[in-house]
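Can you keep this structure in mind? I'll have questions shortly.
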Amino acid sequence: MRGFGFAAAVMIVAGAVGAGAQAPVVLTGADVRPATSLNGDWHVIPDPYQTGLRDFHGHELTRGWFANEKAKPGDTGPIDYDFSKAATIKVPGDWNTQRPEFFWYEGLMWYERDFEYTAKAGDRVFLHVGAANYRSLFWVNGKKVCEHEGGFTAFNCEVTGALKAGGNFVVAAVDNTRHEDAVPTTQTDWWNYGGLTRAVSLIEVPERFIDQYDVHLSRTEPGVIEGWVHVAGGKAGDKVEVAIAELHAIGEGVLDEQGRAKFLTVSSNLERWSPEHPKLYRVAIQAGADTVTDQIGFRTIEVKGSEILLNGKPVFLRGVSVHAEAPYRTGRANSDKDAETLLGWAKELGCNFVRLAHYPHDETMLRAADRMGLMVWSENPVYWAVQFDKPEVYAKAERQLQEEIGTSRNHAAIVLWSMANETPINDARTKFITGLATRARELDPTRLITAALLVRAEGTTKIVDDPLGAALDVIGTNEYIGWYEQHPETADKTDWRIAYDKPLIMSEFGADAKAGLHGGDNDRWTEEYQANVYRHQLGMLNRIGQLRGMSPWILMDFRSPRRPLAGVQDEFNRKGLISDQGEKKKAFGVLQEAYTKGTVGKAE
Ligand code: GCU
């Protein structure tokens, strides 16, 4: 067993401590299904030596120490733990920002909570986990129900056979240890918030249920709403129906051998979704005894040469990048309030677009973007130097992409699926990410594929000719003229050469500034310096003919262990236009003026 990382050991141990668990499944619209919330206080026990998974010689336990029955009366051996006496933290929520002793903790954490359940005949029940960073295992009443890898996508574990009427308990083992063979890998510029960072609930579905569905406006047939519905356990010939009452529109389909039915319906008076008019419709998807009622907007997004067309018209994406960092309290954003605060600041800035970096964000954020009218760049966390030469790492990246698209595919706000950020240029990486782009198009041909590329320079000319660009619909690229390189004024004499006749989004630029630190335009770390960088950047960007959008880095300061400069950073990346305490910096006003007066980008 030498050399196996936690993953292998836990996966094997997981098998040992309760083999037979099903693989987790994707449920589209899980957040709009009726559910029994398991949010709230959970007992937690940190376990840095993985004592709950292996014995004192390091061998895997055949009975997971924490995972099986809680200490039974009359047990003879010593039980060195008791969940009922352990500390509690809130779920959803990272553990780092809930208890000071967990702030820097990176390792295995055990969670436990009791819950009452009244089983209903014929139903199947899934444990819905909005996200668990990074690897996780789950047991219900001591029976293992699933394991998952990936810190930012929702998954659902069937628990039907583990539940009982009355009192139940659920145990989770969540480990946020970074690994070279993970996605993302060990190096990131954000805090490695661990734990059950998004909502947890129980979802009941009939024996045969709708697990995934896609409802969108046809790009080619005006007024046609089309898509498909997949029914888990569905039988060929079973009927499905998609009804939009407000439009008096009903689409019907018949399941094929794979349990999937296509449908279409026509509407002559459909109001298209846009940032200016974020119209959402109540859509009822019904198959047999199962119905999902979702809120869906209808729009088209496509490219034509170097233009991005929203509903057939050229659009400029006036954006800003956003990490899932909670305003004020910091930690992982996970609530409607967090989303409305962050996206409210983006709207105040004059944005019609947000780059939700560098991983899929919570459904609360996507629902808020749908409601508030913000187009979204959603990103798979293939960030920096992932191990592109390993097929098992590709499988992890593809599975996270499938969970991201399968969960969030009906949000009108999402217009771009981003495959990666700032990955090193080599053949293995280009093959890896091109594979992801191909898979994304198979999963969802209705959206645009992009990635944030690195750029090279020849003198004062920036050149975007990364071979990965061939696989993208929209080219994203990051540059930091005036911060990591040269001076703010260098932007004035910088030209750009783009090797592709495709839309370009400047997906990052910016500078650090501590809110309230003031000085001259050339005094680094001051608000004035950051504002100066923005002014020179905007002048340069306006000279890039095929620029179709931008998402400066970044809306709000966010925690990162890479940023220790005492008294200025204090483990925060300070490139926010707003501080983590909501203080707007001078650069906020510079960008806000450019967006609201239309002095940047072609006003559509
Ligand atoms: C990179 C990276 C970001 C990072 C930023 C910075 O471009 O994509 O994740 O935070 O630069 O250095 O601030």
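Order of listing sets the numbers, starting from 1, for every ligand and every atom in it.
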Using 30° and 60° as the class limits, which term best fits the ring planes of W95 and Y105: parallel, tilted or perpendicular?
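Plane angle between 30° and 60°, so tilted.
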
By number and element, which atoms of ligand 1 are closer than 4.0 Å to a non-hydrogen atom of H358?
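Taking each heavy atom of H358 in turn, ligand 1 has 3 (C), 8 (O), 9 (O) under 4.0 Å.
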
Identify the heavy atoms of F353 and L317 that sit nearest to each other, and give their distance.
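Smallest interatomic distance, heavy atoms only, reads CD2-CB, 3.5 Å.
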
Indicate yes or no: does an N/O atom of W384 lie under 3.5 Å from an N/O atom of ligand 1?
no

Could you identify the single nearest non-hydrogen protein atom to atom 13 (O) of ligand 1 and state the distance to 0.1 Å?
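Among all protein heavy atoms, the one nearest atom 13 (O) of ligand 1 is K575 NZ, 2.7 Å.
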
Would you say the side-chain atoms of W553 and N478 include a donor-acceptor pair closer than 3.5 Å?
no

Using a heavy-atom cut-off of under 4.0 Å, does the side chain or the backbone of I554 touch ligand 1, or both, or neither?
neither

Shortest protein heavy-atom distance from atom 4 (C) of ligand 1, along with the residue and atom involved:
D189 OD2, 3.2 Å

Could you walk me through whether R135 and E149 satisfy the salt bridge (charged side-chain N to carboxylate O under 4.0 Å, His left out) test, starting with their C-alpha distance in whole Å, then the side-chain angles of each, then the deciding distance to 0.1 Å, before giving a yes or no?
CA-CA 4 Å; R135 288 188 174 95; E149 177 171 349; 3.2 Å; yes

Heavy atom of R563 under 4.0 Å from ligand 1?
yes

Distance filter under 4.0 Å to Y383 heavy atoms, resulting ligand 1 atoms:
2 (C), 3 (C), 9 (O)

Those residues that, when tested against E398, pass side chain to side chain contact (heavy atoms under 4.5 Å, CB included) (two or more places apart)
Y394, Q402, L436, R439

At a 4.0 Å cut-off, with the gap strictly under it, does some heavy atom of F558 reach an atom of ligand 1?
yes

Quick test of your reading of the structure: of H323, E422, E479, whose heavy atom lies closest to atom 7 (O) of ligand 1?
E422

May I ask you to check whether H323 and H358 place their ring centres under 6.0 Å from each other?
yes

Starting from atom 5 (C) of ligand 1, locate the nearest protein heavy atom and write down its residue, its atom name and how far away it is, to 0.1 Å.
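That would be Y480 OH, 3.5 Å.
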
Looking only at protein heavy atoms, which one is nearest to atom 2 (C) of ligand 1, and how far off is it?
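The closest heavy atom on the protein side is E508 OE1, 3.5 Å.
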
To check you understand the geometry: which heavy-atom pair defines the closest contact between N426 and R429, and what is its length?
OD1-N, 2.7 Å

In ligand 1, the atoms that come under 4.0 Å of a heavy atom of N478 are 7 (O), 8 (O)

Counting heavy atoms only, which part of Y484 comes closer than 4.0 Å to ligand 1: side chain, backbone, both or neither?
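Only the side chain of Y484 comes within reach of ligand 1.
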
Can we say K304 and E302 salt-bridge, meaning some charged N sits less than 4.0 Å from an Asp/Glu carboxylate O?
no

Run the ring-ring contact (aromatic ring centres under 6.0 Å, His included) test on W191 and F572 for me, step by step, so that the C-alpha distance in whole Å, both residues' side-chain angles and the decisive distance to 0.1 Å come before the verdict.
CA-CA 9 Å; W191 205 268; F572 278 89; 8.4 Å; no

D512 contact mode with ligand 1 (heavy-atom cut-off under 4.0 Å)
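The answer is neither; D512 stays 4.0 Å or more away.
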
